[in-house]
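Notes follow once the structure below has been shown.
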Amino acid sequence: MIYISDTLTKSKVPLETGQPNVVKMYVCGPTVYNYIHIGNARPMVVFDVFRRFLEFVGYKVVMAQNFTDIDDKIINQANEWGVDWKTVADTFIAECYHDAQLLGIRTANFHPRTTDFVEDIINAIAKMIDNDFAYVTPNGDAYFSVRKVNDYGRLSGKKLDELRSGARVDVNELKIDPLDFVLWKSAKPGEPVWNSPWGKGRPGWHIECSVMSQKLLGDMFDIHGGGEDLIFPHHEDEIAQSKALTGKPPARYWMHNGMIIARGDKMSKSLRNTFMVREAVRKFGKDGVRLFLLSKHYRSPMEFFDAPLDDSSKAAARVHATLYRFTEKYNYPLVPKYDEEMNDYQTRFIEALSDDFNTPVALSVLFNVVRELNKAMDDGNDERALKMYHLIKRVFGNMLGIFDGETDKVQRVESEEMQTLDTLIRGIIEMRNNFRKEKQYEMADKLRNLLGESKIRLVDTPEGTKYELY
RNA sequence: GGCGACGUAGCCAAGGGGUCAAAGGCGGAGGUCUGCAAAAUCUCUAUUCGAGGGUUCAAAUCCCUCCGUCGCCUCCA
C-alpha cells in the first residue's frame, strides 16, 4: 500500500485510485515568460520520480502538466520586448521543454496550453453563470462567488471572514465580495483578446486548470500536485470551480511540494533570486541536481546554495565511476536472477517511497547497494556484482531518473578529438609504466602530475593503468 | 495580525514513545591495498537530537513555555 500526505485532510492516507491500477495526476506547471529556475524544477522532478515509482509498482499513470501561456506577466514581457504575447509563450515553452529534457524529466501524457482551451473555458464560465455561481460585471469581467460554495478555505485552512479582515485582498468595487476571484478578464486596449458572450477578453488564471484537468483526466482524477504556494488561492479556487461545475472536487488527493529558498527568501522570478535550471545542470550535472532535489523530503522547504549541490554532484560522480568500473568489464550486462539480498534491498527501497514518497531513505538504500557493488567487484564476485549493478542502474536509477547517461559531467565522446587524446594519454601512460618498471619513480610521478594538471587522473589497477577525465 | 512548518554531527539530511550509544551523502582521522598516490574498502567521527520545564517504567519522538529560522495569507512551482 502506498501512503501519501494529503493537503486537504492534513494527514497521511492510503492511495486509493478511482480506477484500479490507474493513477491520474495533474501537476501545475509554470507560467511561461522566462526560463525555468530550480524552484520550478522541484515539482517537475519530484512528480516525475513519483510517476516512475508508481509505474514501477504496477500503476498505469496518466499525467498532465499545463503551461499557462496567457497572463499579465506574459503580456508585460511581450510589451517590454516589443513582440507579441504568443512569441513569448512559444519561446519559453520550447525552452522549458529543453530544460526539462536536460534534467531528465519525462514528458507528461498531456501538456495543455491555456489558449488551446478558451472555448471550453468559456463554456465552463457560462455554466457557472447559469447556475448562479458566477456573475458578470458591467465592464465585461466575470467573477466567481466564493460564498456560493461551502467549505471554501478548507484546503488552505482559511476562514472566509479572517481572510476578509486581512484586507490584503484586491479592492475592486465591481466584485460583490472582495474574495471573489476573476474567471474572465475583459480586455484593456491593446491586449490579446478572445470573444466571449460577455465581451472581448481572456481567461483568468484559476479556471484554466479546472477546465483542462477535467477535460483531459475527467471529473475526479486522483492526484493534484504543485508547489505549496499554489494552495491559496489557486487550488482553493480550483476546488470551488469544480464543485460549481460538477458538484465534486477535482481530485481525490492534493500533494504539495515545499519551496526552494535562496538567500533567505523563496526563489521567485519577481524576487530576482533565481538560479536557472540550465546553469545548475551545467555546474552540478543532471544527476547532481536531481540527487539534490531528492535528498530532502518533498514537502519540506529546502535551502538552495552551492555546498549541498556540490555534495550531491560528488556523490553522483562516485556512483557513475562505480557503474563505469562494472561496464568496463561487462559491456552488455544481462539480467540476473533475483535472490534474497536483491529482494531485500528492493523492498526497502519501495517501502521508503511507499511511505509518503520518502526519497532520502530510498537514496540511503541506493548508496548501500553502491557500496556492495564495489565490494563485490573488489572480491571478484561477478555474479553478485551484476545483481547490485542491476539494482542501481535498472531499478533504482530508473525510478529516480538518474544514472541513465554514460557519466554525469564528463563526456566520453567517441569523437576524433577524443581518439587523438586517448592515443596521447595511453602513450604517456606507457612511458610512465616503463619508468615505474625501472623504479624511476621521480619521472613516473612527474608524468602523473603532468596529466593531473590537465584534469586526467591515473588509476593503477591490477589490470593495468587506467585514466579518467574529471 | 491570522494560519502553518521546522530547529538532529563540521555541512546536507532521515527517524518521530522502547529494536536509536540516531540511516544515508559530503567532509575529516586512521588501517588495508599501492613504489608512492588515486580509486575501492574497513574502523572511527552526535552518550546526543534549539533551551527550560512536564507526562511516562521509558522521549530526539507526546504536552507546555521560551528562543531562533522559514512558508502561506498578494502574481508565484
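Below, chains carry the letters A, B, ... as their sequence lines are ordered, and counting in each starts from 1.
Counting non-hydrogen atoms under 4.0 angstrom, A/G452 reaches nothing in the nucleic acid. Residue-level contact check: A/G226 touches the backbone only, with heavy atoms under 4.0 Å from sugar-phosphate atoms and none from bases. Contacts of A/N368 with the nucleic acid, taken as non-hydrogen atoms under 4.0 Å apart, involve only primed sugar atoms and P, OP1 or OP2.
Aromatic rings of A/Y26 and A/H224 (six-membered ring for Trp) have centroids within the 6.0 Å cut-off, being under it. Annotation: A/F304 is in aromatic contact with A/F275 [ring centroid separation under 6.0 Å].
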For the pair A/H111 and A/Y97, evaluate ring pair (Phe, Tyr, Trp, His ring centres under 6.0 Å) and give the outcome as yes or no after the intermediate values.
CA-CA 10 Å; A/H111 284 284; A/Y97 279 128; 5.4 Å; yes
Verdict with supporting geometry, A/Y35 and A/F92, ring pair (Phe, Tyr, Trp, His ring centres under 6.0 Å)
CA-CA 6 Å; A/Y35 291 89; A/F92 292 112; 5.4 Å; yes
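Taking atom C1' in both B/U74 and B/A60, one finds a spacing of 38 Å when rounded to whole Å. Taking atom C1' in both B/C72 and B/C12, one finds a spacing of 25 Å when rounded to whole Å. Taking atom P on both nucleotides, B/U19 is separated from B/C49 by 16 Å, rounded to a whole Å. If you take atom C1' in B/U8 and the same atom in B/A13, they sit 9 Å apart, rounded to whole Å. The separation of B/A46 from B/U55, taken at their P atoms, amounts to 31 Å, rounded to a whole angstrom. To the nearest whole angstrom, the two P atoms, one in B/U43 and one in B/C36, are 24 Å apart. Look at the P atom in both B/G50 and B/G31: the space between them is 36 Å, to the nearest Å. Of the C1' atoms belonging to B/A58 and B/G1, the separation is 41 Å, rounded to the nearest Å.
Across B/A77, B/C70, B/A14, the shortest atom-to-atom separation from the side chain of A/I261 is found for B/C70. Here B/C11 is the nucleotide among B/G24, B/C11, B/A14 with the atom lying nearest to any side-chain atom of A/D311. Taking only side-chain atoms of A/S300, from C-beta outward, the nucleotide of B/G25, B/G27, B/A14 with the closest atom is B/A14.
Remark: P of B/A77 and CD1 of A/I260 are 13 Å apart, rounded to the nearest angstrom. The nearest whole Å value for the distance from the NE2 atom in A/H235 to the P atom in B/A77 is 11 Å. Rounded to whole angstrom, the span from the NE2 atom of A/H297 across to the C1' atom of B/G71 amounts to 16 Å. Rounded to whole Å, the distance from CG on A/L363 to P on B/G15 is 13 Å. The separation between A/W254 atom CH2 and B/G4 atom C1' is 18 Å, rounded to whole Å. Rounded to a whole Å, the CE atom of A/M44 is 10 Å from the P atom of B/A77. The separation between A/F284 atom CZ and B/C12 atom C1' is 13 Å, rounded to whole Å. Residue A/I402 contributes atom CD1, which lies 17 Å from atom P of B/G24 at whole-angstrom precision.
For A/N358, a side-chain nitrogen or oxygen approaches OP1 or OP2 of B/G15 to under 4.0 Å. Residue A/T31 places at least one side-chain N or O closer than 4.0 Å to OP1 or OP2 of B/A77.
At a threshold of 4.0 Å, the pair A/D99-A/R278 counts as salt-bridged, since one of the basic side-chain nitrogens sits closer than that to a carboxylate oxygen.
Comparing A/G227 and A/S295 by the nucleotide of RNA chain B that holds the closest heavy atom to each, the one mapping nearer the 5' end is A/S295. Nearer the 5' end of RNA chain B, as judged by each residue's closest nucleotide, is the contact made by A/V361, out of A/V361 and A/V365.
Judged by distance alone, the side chains of A/N374 and A/R371 never bring a donor and an acceptor atom under 3.5 Å apart. For the 3.5 Å distance criterion, the side chains of A/Y143 and A/D177 fail to qualify, holding no donor opposite an acceptor.
When A/D356, A/N358, A/N257 are each tested for a side-chain hydrogen bond (donor to acceptor under 3.5 Å, both in side chains) with A/Y298, only one passes: A/D356. Considering A/I125, A/V149, A/V211, A/I207 as possible partners of A/Q241, the one that fulfils the side-chain contact (heavy atoms from CB on, under 4.5 Å) test is A/I207.
The closest side-chain heavy-atom distance from A/F357 to A/I2 is not below 4.5 Å.
Taking CH2 of A/W254 as the start and CG of A/L230 as the end, the distance is 9.5 Å to the nearest 0.5 Å.
Stem analysis of RNA chain B (at least three stacked-register Watson-Crick or G-U pairs, each with both distances under 3.5 Å) gives B:1-7 with B:67-73, B:10-12 with B:24-26, B:27-32 with B:40-45, B:50-54 with B:62-66.
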Footprint string (nucleotides 31-45 of chain B, 5' to 3'): B base within contact, S backbone only, - free, heavy atoms under 4.0 Å:
----BBBB-SSS---
